[in-house]
Amino acid sequence: MFKQILLALDGSPQCERVSALAGTLALSGDLSGGRSSLHLVCAVDAAYVLDSDDPEARGDFPAAAAQQTDAQALIAAQLAHLRGLGLVASGAVLAGEPAAAICDEAARRNCDLIVIGHRHLSRLGRLFDPSIGARVLDAAPCPVLVEVRDA
């Protein structure tokens with residue numbers, strides 16, 4: 001059904017379910033009978049992105065180094081799992097405001113679908129921690145499939 005699927009991950013416990021959903025879709029293939037390609041992304045706020053792999057720079061900014069390391073490990077683990085299923089998959093850590101970075105990457109890769117998780121927030125929670133999923137829905141260049149975590 002979909003040729004190019006962008007899978008947006010955030011490191012939450014829901015990632016496994018979101019990844020499984022995208023994997024199932026990719027295995028079902030595109031309209032021509034071939035398997036879909038997956039591109040995994042994890043967006044890291046630009047303030048937490050290190051321009052260098054220099055160990056000294058990483059030591060000077062431990063919070064940024066941890067964010068970047070966690071995002072890279074998440075992508076690597078999910079890539080290994082999905083490739084183990086026989087899927088064609090690539091991945092990247094994106095820098096910038098997460099919703100914008102996800103939508104820009106989907107447009108750049110000409111994706112047919114974005115798969116993302118969503119968590120239920122109270123009104124107060126949405127005020128202080130706006131939903132990335134909701135912002136992706138508003139700005140996406142293609143359809144968005146949202147896996148909703150139980151409240």
Indicate yes or no for a side-chain donor-acceptor contact from Glu147 to the backbone of Ser19 under 3.5 Å, with no hydrogens or angles considered.
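Pair absent, no side-chain N/O of Glu147 close to backbone of Ser19.
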
Once side-chain contact (heavy atoms from CB on, under 4.5 Å) is applied, do any residues pair with [X], and if so which ones, sequence neighbours excluded?
| X | answer |
| --- | --- |
| Leu74 | Leu9, Cys15, Cys42, Gln78 |
| Leu27 | Arg35, Leu87 |
| Val146 | Ile116, His118, Leu137, Val144, Val148 |
| Ser90 | His39, Arg109 |

Are [X] and [Y] side-chain neighbours, meaning at least one heavy-atom pair lies under 4.5 Å?
| X | Y | value |
| --- | --- | --- |
| Ser36 | Lys3 | no |
| Ile132 | Pro98 | yes |
| Leu6 | Leu113 | no |
| Pro141 | Ile114 | yes |
| Leu7 | Val18 | yes |
| Leu145 | Leu21 | yes |

Write out all pairs satisfying salt bridge (charged side-chain N to carboxylate O under 4.0 Å, His left out) with one or both partners inside residues 78-101, taking only residues at least two apart or from two chains.
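Passing the test, one end in residues 78-101: Glu97-Arg135.
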
Between [X] and [Y], what is the shortest heavy-atom contact and its length?
| X | Y | value |
| --- | --- | --- |
| Ala101 | Ala43 | CB-CB, 4.3 Å |
| Glu105 | Val41 | CG-CG1, 4.0 Å |
| Gly23 | Leu82 | CA-CD2, 3.9 Å |

Would you compute the distance between atom CZ of Phe2 and atom OG of Ser28 and round it to the nearest 0.5 angstrom?
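One gets 8.5 Å once the value is rounded to the nearest 0.5 Å.
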
Hydrophobic cluster membership, Leu85 vs Leu25, 4.5 Å side-chain cutoff:
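The answer is yes; both residues are in one hydrophobic cluster.
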
